[in-house]
Amino acid sequence: MLDDVDVLYLRNCTGVTDVSALGTVKRLNLMGSGVQVVSALGTVEELNLEGCDGVVDVSALGGVRTLKLRGSDQLLDVSALGTVRHLSIVRCSGITDVSALGTVTMLHLR
């Protein structure tokens, strides 16, 4: 059903928790949504998870080209994101080790 959708914005849709059917969307903005499990989104090209504070596991997102994370304090491990080209990590206080991100082309940490 969503095979032909290239861009989808679900910004601030706090009731959205299951995104398993959205793996075919090329650009996906889930900023401020209630999503917690993102394992089905590994083929999305651009993914915005800013304000998705329930996300704790991003290990399946290594295929994403551009990833934005902000305010995900429960997120601890980003080692699987070493192949992401553009990565923005802002106010994710649980992340202390970014040494595995050496191949990221553009890295924004704050």
Side-chain angles (χ1 to χ4, degrees):
M1 183 168 151
L2 293 171
D3 291 340
D4 296 328
V5 176
D6 287 334
V7 180
L8 183 60
Y9 289 90
L10 295 173
R11 186 174 179 173
N12 295 322
C13 295
T14 56
V16 173
T17 57
D18 182 4
V19 293
S20 59
L22 303 179
T24 59
V25 176
K26 291 182 182 176
R27 291 177 48 204
L28 183 57
N29 186 334
L30 294 171
M31 183 177 185
S33 71
V35 68
Q36 295 179 347
V37 179
V38 294
S39 58
L41 303 178
T43 58
V44 173
E45 292 179 17
E46 294 181 28
L47 181 58
N48 186 338
L49 294 174
E50 294 180 283
C52 297
D53 56 358
V55 174
V56 296
D57 181 11
V58 293
S59 61
L61 300 180
V64 175
R65 289 184 187 170
T66 301
L67 179 61
K68 294 180 181 180
L69 299 166
R70 185 184 76 211
S72 301
D73 292 333
Q74 298 178 45
L75 183 60
L76 304 175
D77 183 13
V78 292
S79 61
L81 301 179
T83 57
V84 174
R85 290 183 187 167
H86 301 131
L87 180 59
S88 176
I89 301 173
V90 178
R91 288 186 287 164
C92 297
S93 60
I95 299 171
T96 57
D97 183 10
V98 293
S99 61
L101 301 178
T103 60
V104 173
T105 307
M106 186 166 80
L107 179 61
H108 175 225
L109 297 172
R110 200 165 47 160

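Quick caveat, the model's predicted, so the values are computed rather than measured. All residue numbers refer to positions in the sequence shown, counting from 1.
- Hydrophobic clustering places L109 together with L87 (ILVMFWY residues linked when any side-chain heavy atoms are closer than 4.5 Å, directly or through intermediates).
- Annotation: the span from R11 atom CZ to L8 atom CG amounts to 14.0 Å, rounded to 0.5 Å.
- R70 has its side chain within reach of M31: a pair of non-hydrogen atoms, C-beta onward, lies under 4.5 Å apart.
- When hydrophobic clusters are built by joining Ile, Leu, Val, Met, Phe, Trp and Tyr residues whose side-chain heavy atoms come closer than 4.5 Å, directly or via intermediates, V37 is not grouped with V58.
- Contact detail for G71 and C92: the closest heavy-atom pair is N-SG, 3.9 Å.
- One finds the CG atom of L28 at 8.5 Å from the CG atom of N48 (value rounded to the nearest 0.5 Å).
- Contact record, L49 with S72: O-OG, 4.4 Å, taken as the closest heavy-atom pair.
- When every heavy atom of G62 is checked against every heavy atom of T83, the shortest pair comes out as O-OG1, 2.5 Å.
- Residues L101 and V78 have side chains in contact (heavy-atom distance under 4.5 Å, counting atoms from C-beta outward).
- For the pair V38 and D57, the tightest heavy-atom approach, listed with the atom from each and the gap, is CG2-O, 3.5 Å.
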Going through the checks in order, is the side-chain contact (heavy atoms from CB on, under 4.5 Å) test met by D73 and D53?
CA-CA 6 Å; D73 292 333; D53 56 358; over 6 Å; no
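- Taking hydrophobic clusters as Ile, Leu, Val, Met, Phe, Trp and Tyr residues chained together by side-chain heavy-atom distances below 4.5 Å, L67 does not share a cluster with Y9.
- Rounding to the nearest 0.5 angstrom, the gap separating the CG atom in D97 from the CG atom in L76 is 11.5 Å.
- Residues T96 and S93 come closest through the heavy atom pair CG2-O, 4.4 Å.
- Once rounded to the nearest 0.5 Å, the distance linking CG of D6 with CD of E45 reads 8.5 Å.
- Rounding to the nearest 0.5 angstrom, the gap separating the CG atom in N12 from the OG atom in S33 is 8.5 Å.
- Minimum heavy-atom separation, L75 to V56: CD1-O, 3.4 Å.
- Taking hydrophobic clusters as Ile, Leu, Val, Met, Phe, Trp and Tyr residues chained together by side-chain heavy-atom distances below 4.5 Å, V98 does not share a cluster with V90.
- A donor-acceptor pair under 3.5 Å is absent between the side-chain atoms of T17 and the main chain of Q36, judged by distance alone.
- Between the CZ atom in R85 and the CE atom in M106 there is a gap of 12.0 Å [rounded to 0.5 Å].
- Without hydrogens or angle criteria, T66 side chain to H86 main chain gives no donor-acceptor distance under 3.5 Å.
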